[in-house]
Amino acid sequence: MNKIRIKYIYLLLTFFMFEVAWADNSGQVQKDESLVTVVVIDPGHGGKDPGTTGGNVEEKNVVLDIALKLGHYIETNFPEIEVIYTRKTDVFIPVYRRAAIANKADADLFISIHANAVDYKYVQGTETFVLGQHRSEDNLEVAKKENSVILLEDDYTTTYEGFDPHSPESYIMFELVQDEYKEQSIALANAIQNEFRLQAQRKDRSVKEAGFVVLRRISMPGVLVETGFLSNTSERNYLNSDKGRDEIAASIFRAFKAYKTDIEQKSSFHLVTGDESEQAATQQTSVLTANAEVQKESNTEKQPEENVYYSVQIMALQKKIETKPENFNGLDNVFRVDSPTVSRYFVGKFNKLEDAELNKELLLSRYEEAFVVAFRNNELISVKMLLGNEN
């Protein structure tokens with residue numbers, strides 16, 4: 001009978017938490033979730049909560065530095081992305097507030113960064129968690145440890161409706177979790193673990209599921225990254241070094257970059273690079289210039305050379321961005337071409353193809369998806385079509 005009552009109580013708790021998550025986002029306008037424009041980075045713990053410790057190294061300091069380094073990588077390489085931190089200094093932020101920051105910002109991604117510790121000093125490695133039901137006692141223990149931070153909050157029993165992070169029964173509610181962002185979260189988690197293993201040479205403890213309160217309360221894809229064990233001497237020294245923290249941050253950034261590319265390439269509103277992108281541009285151009293093409297069939301003379309120029313496409317997005325230098329790494333020669341479904345952004349107008357190719361090479365360090373296109377009579381046309389017609 002007691003088990004039935006417990007189950008019933010936590011069914012109600014689950015419903016309540018669904019309501020809280022919805023309330024955090026009520027009134028916000030839905031946006032295209034296939035584009036990554038806002039990222040929230042959450043350094044765990046802080047202030048009166050040091051997190052786990054090893055030797056004289058505190059988790060809160062390690063993860064804050066990793067978070068700031070990660071944010072710097074994103075801001076430098078993707079200036080169009082807004083990076084928001086739940087904290088940038090050594091302050092205590094309640095768990096519910098961390099999630100509220102992400103929900104209020106209508107973020108596209110939430111990355112919570114932590115470090116671990118256990119009684120056995122030989123244990124080491126990285127692991128990345130997504131929201132779900134723990135499948136082992138080890139996963140439950142990690143969730144208990146990270147969730148226990150709510151005990152430092154004022155009136156936590158009211159805020160979290162009686163949730164006890166130390167009670168296994170409290171985690172019954174995570175059996176009923178229906179996470180609509182789970183596939184994306186797992187994709188990011190896998191990418192992070194791959195980078196840790198291949199680039200940072202960390203032991204891979206795999207992607208796991210567990211009931212983290214902070215992940216439960218966000219309304220976007222999210223992961224909780226355990227960057228290593230401070231209880232392991234070697235790993236503690238690594239995470240306590242600037243080199244180690246930078247390698248961890250760089251690995252998470254590369255995973256984010258791969259995730260962003262994959263998500264946006266799957267969007268029907270974002271063109272991929274190479275032949276597929278040129279083919280899509282060509283298809284649209286054929287519609288826009290149908291009358292001109294019909295007229296051209298009856299006139300085999302070439303268009304005057306001055307009506308043809310080349311440019312470099314650097315991106316294609318659903319939304320419109322003002323072509324101001326501050327929006328494009330200081331470039332002052334950006335122009336935009338709009339269609340009903342996408343806006344394309346180009347840099348420069350060149351009379352010679354080789355000049356455009358050279359400009360593309362210079363832009364690749366900032367825009368990896370850059371490629372050369374052509375315009376004829378101010379109508380977009382693929383370079384292949386132009387050269388094919390001229391041969």
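Fair warning: this is a prediction, and the values are worked out from it, not measured in the lab.
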Problem - Any residue meeting side-chain hydrogen bond (donor to acceptor under 3.5 Å, both in side chains) with Asn378, in chain and number order, not counting sequence neighbours - result: Tyr309
Problem - Min side-chain heavy-atom separation Tyr85-Leu68 under 4.5 Å - result: yes
Practice task
Compute whether any side-chain donor of one residue and acceptor of the other, for His45 and Glu59, lie under 3.5 angstrom apart.
Solution key: yes
Exercise for the section: In plain terms, say whether Glu209 and Lys182 are close enough for a salt bridge, that is, a side-chain N and a carboxylate O under 4.0 Å apart. Expected result: yes
Practice task
Just grab all the salt bridge (charged side-chain N to carboxylate O under 4.0 Å, His left out) pairs involving residues 69-87, residues at least two apart or on different chains.
Solution key: Asp65-Lys69, Lys69-Asp242
Handout entry: Donor on one side chain, acceptor on other, Gln193 and Thr128, under 3.5 Å
Key = yes
Handout entry: Cation over ring face, Arg245 and Tyr238, 6.0 Å, 45°
Key = no
Exercise for the section: Using a strict cut-off of less than 4.0 Å between a Lys/Arg side-chain nitrogen and an Asp/Glu carboxylate oxygen, indicate whether Asp90 and Lys60 qualify as a salt bridge. Expected result: yes
Practice task
Could you walk me through whether Asp246 and Tyr73 pass the side-chain hydrogen bond (donor to acceptor under 3.5 Å, both in side chains) test, one step at a time?
Solution key: CA-CA 10 Å; Asp246 188 69; Tyr73 277 123; 2.9 Å; yes
Problem - Electrostatic pair Arg376-Glu379, nearest N-O below 4.0 angstrom - result: no
Exercise for the section: Specify whether Phe375 and Phe346 have parallel, tilted or perpendicular ring planes, treating 30° as the upper limit for parallel and 60° as the lower limit for perpendicular. Expected result: perpendicular
Exercise for the section: Inspect the contact between Arg336 and Asp338 and indicate whether a charged nitrogen and a carboxylate oxygen are less than 4.0 angstrom apart. Expected result: yes
Exercise for the section: Give a yes or no on whether Glu322 atom CD has more than 12 heavy-atom contacts from other residues, nucleotides or ligands under 6.0 Å away. Expected result: no
Problem - Centroid-centroid under 6.0 Å between Phe350 and Tyr310 rings - result: no
Practice task
Tell me, please, which residues at least two apart from Glu247 pass salt bridge (Lys or Arg N to Asp or Glu O under 4.0 Å).
Solution key: Lys243
Problem - Test: Glu235 and Arg202 ion pair at under 4.0 Å - result: yes
